[in-house]
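Inspection log for the structure reproduced underneath, given as structure tokens.
For the numbers below, each heavy atom of this structure counts, side chains included, while hydrogens, waters and symmetry mates do not.
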Amino acid sequence: MAFAQDAAEGSAPDLAQFPRNETVIVHNPEGIIRNPAWFNLWVVGGGGGTSNGLHQLTTDTLWLIDPDAGVEGASENAVYNSLADGPWQYNDDFTEMTVKLKQGIAWSDGVDFTADDVVYTVEKQKATPGMPFNGAFSTQVASVEATDPYTVHFTLNAPNSRFHTLFSVRWTGAWIMPKHVFENVEDITSFPNNPPVSLGPYTLHSFDPNGTWYIWEKRPDWEKTALGMVGEPKPRFIIYRNNITTDNRLIEMRNGNLDMVHDLTPEGTFSIVQQDSQVQGWFPGFPYAHPDPTLVMAIFNHQNPKFQDKRVRWALALMLDARAMSMASYRGAATLSAISVPPTGTHPRDYHGPLQDFLINYEVDTGTRKVKPYDPTIGIQIADMVRPQFGESVPTDEAAIRNAFGYGWWKQDIAAAEELLTAAGFTKNGNQWMMPDGQPFSFSVMVPQEGVVNRLGTIIAQTWTQNGVQATAEVATDSWDRQRVGNYECNIAWAVETWGGHPDLSFFLDSYHSSYVVEPGQSQPDRNWMRWRDPRLDEIIEKIRGIDFNDPLGIEYGHEFVKLHLEEMPNIPIMAYNVFSIQSNRFWTGWPNAERPYANPVTNWSNGRYIFTQITPVTA
């Protein structure tokens with residue numbers, strides 16, 4: 001294998017060879033790609049790139065779900081029937097699933113795509129450790145068969161109304177393998193798959209042997225792909241460039257050598273949109289950033305006695321100042337959420353908006369009195385705070401403010417927080433809160449090394465300390481690993497990820513079931529990192545497992561979860577993980593934005609493929 005050398009900065013190909021009205025240049029947020037010639041994404045740890053165009057342009061699976069609204073007319077509730085010809089079909093008890101496939105789709109070498117490819121993908125991964133879906137398929141699939149060339153039938157080991165989500169791309173999924181290629185490979189785990197046979201509308205044109213750029217060219221038969229059936233991808237060439245520093249992303253976009261940048265700092269974004277009228281963010285003005293379908297939180301370890309009383313968790317929430325957190329982290333460009341659902345995609349429609357009256361009237365019993373802690377005007381207050389600096393770019397319309405800054409958050413109420421701690425048996429010694437056992441109430445708050453979440457965690461720890469809790473911000477390079485095994489007290493990260501464009505919450509909620517909670521020190525399944533157990537939560541999860549993905553009852557059960565989460569406050573929801581993705585309209589236009597939210601604009605997600613069917617070159 002040829003491995004790339006360390007490089008201080010990613011280079012660019014000779015762009016003079018590629019007419020800009022035929023070429024889109026995309027920033028890939030991956031750093032150095034160690035094994036540039038590796039294109040086998042069905043093997044874990046091969047060292048190749050994944051967001052270099054490979055999974056965006058050449059792969060496909062049965063369905064895709066966009067974190068935003070989806071292309072109108074091509075998706076329903078942001079769900080695309082990609083290789084599938086329609087929705088999943090379960091039997092009554094969700095132990096079998098049938099899929100009808102689209103006809104007329106071909107691999108880039110001219111071989112027809114059929115049910116045999118799907119069956120091969122499942123059986124090969126099921127039988128081969130080291131492949132990404134080996135665990136899921138080996139535990140969940142009893143058998144899979146092609147009942148005709150375009151029909152696949154699964155028999156499952158147990159009822160599972162969400163089995164189809166393994167084949168539903170959120171940002172990745174169970175990509176279908178070309179049977180006619182891989183069945184002739186003796187050792188799949190050492191097979192580089194170079195060049196890859198494509199199921200998408202692009203094939204590999206060339207790549208940098210040092211792994212800093214990849215060029216893809218549109219297939220002559222692009223219409224024989226699932227994406228091509230949505231619309232013709234407009235660029236003839238798409239170039240992905242990686243290992244570019246934040247400063248150079250700005251320079252390269254100004255120089256016309258990048259059309260899409262995955263992310264910048266808040267300050268970098270504010271600078272370029274003010275200096276270049278052709279550059280856009282998600283929102284037409286401040287805060288510009290796209291709210292990711294993840295939710296940054298203060299995550300407490302429930303196996304630590306310090307955090308097992310919900311009054312303590314609520315007290316810590318009411319000590320925080322949403323305005324200070326927004327300004328310290330995102331310079332005001334945060335999209336807040338008081339509930340445990342990200343304020344992005346279709347979730348404001350299904351959750352945040354419908355629950356506003358409930359939140360406004362929600363009461364917390366402090367042991368002394370009942371308070372209504374929710375403040376629906378927080379977003380307006382933050383908009384007013386940043387308006388002197390950013391002027392007319394800050395929205396004034398109330399609906400636009402809610403969309404950009406969030407629907408509201410909790411009031412900072414120190415008196416109520418102190419009453420809650422007192423009711424929980426805490427006492428105050430000077431300005432120091434003491435736990436019921438007489439020890440100081442102190443703990444560490446894990447934060448990343450840098451970035452907006454580092455800033456957020458630092459201000460949170462400072463605020464708690466100012467109010468008598470010895471909270472110390474701890475920069476941890478291994479926070480995800482420590483969180484997974486319960487080796488932490490409080491972490492500033494996210495324990496919620498959703499589909500975004502679909503109301504179903506199972507993407508994170510299923511892992512919240514108490515059956516997955518393990519003993520301290522053991523590795524915890526993803527997302528319920530706070531190790532929260534509650535039989536009422538289990539009941540909600542089991543009800544969701546028992547209905548179809550598209551059943552309207554899913555929203556009702558989702559509301560039940562939100563209300564239970566409010567009652568218990570197992571972790572403190574704070575804000576979406578906003579990504580400062582920007583695009584240039586110099587050479588191409590029609591990018592998604594908050595007013596036309598047909599796709600997630602971040603460049604490493606596979607869902608972004610739909611952007612290429614919607615943009616058009618700028619005419620001279």
Legend entry - Reference residue Phe154; test ring-ring contact (aromatic ring centres under 6.0 Å, His included); the match among Tyr90, Phe167, Phe94: Phe167
For a quick test of your reading: what N or O donor-acceptor pairs under 3.5 Å do the side chains of residues 436-449 make, sequence neighbours left out?
residue, atom, partner, partner atom, Å
Asp437, OD1, Gln439, N, 2.9
Ser444, OG, Glu474, OE1, 2.8

Inset, instruction - Taking salt bridge (Lys or Arg N to Asp or Glu O under 4.0 Å) as the test, write out the residues that go with Lys411, two or more places apart. - result: none
Legend entry - Minimum side-chain heavy-atom gap Pro29-Thr603 below 4.5 Å: yes
Inset, instruction - Kindly state whether the ring of Phe549 and the ring of Trp63 have centres lying under 6.0 angstrom apart. - result: no
Inset, instruction - Identify the heavy atoms of Arg313 and Met569 that sit nearest to each other, and give their distance. - result: NE-O, 3.0 Å
Inset, instruction - Could I get the full list of side chain to side chain contact (heavy atoms under 4.5 Å, CB included) partners for Thr139, not counting sequence neighbours? - result: none
Legend entry - Sequence neighbours excluded, every pair satisfying side-chain hydrogen bond (donor to acceptor under 3.5 Å, both in side chains) that has a member inside residues 324-333: Glu267-Arg331
Inset, instruction - Mind listing the closest non-hydrogen atom pair of Val469 and Trp433 along with its distance? - result: CG2-CD1, 4.3 Å
Legend entry - Gln522 atom CD, neighbour heavy-atom count above 12 within 6.0 Å: yes
Inset, instruction - Tell me, please, which residues at least two apart from Glu363 pass side chain to side chain contact (heavy atoms under 4.5 Å, CB included). - result: Lys370, Lys372
Legend entry - From Arg162, Arg545, Arg170, residue fulfilling salt bridge (Lys or Arg N to Asp or Glu O under 4.0 Å) relative to Asp504: Arg162
Inset, instruction - Please name all residues satisfying side chain to side chain contact (heavy atoms under 4.5 Å, CB included) with Ser51, sequence neighbours left out, ordered by chain then number. - result: Asn28, Glu30, His55, Gln56, Trp171, Asn604
Legend entry - Ring centers of Tyr557, Phe561 separated by less than 6.0 Å: no
Inset, instruction - Locate the shortest heavy-atom distance separating Leu316 from Trp464; write the atom from each residue and the value. - result: O-NE1, 2.9 Å
Legend entry - Identified ring-ring contact (aromatic ring centres under 6.0 Å, His included) partner of Trp529 from the options Tyr488, Trp480, Phe300: Trp480
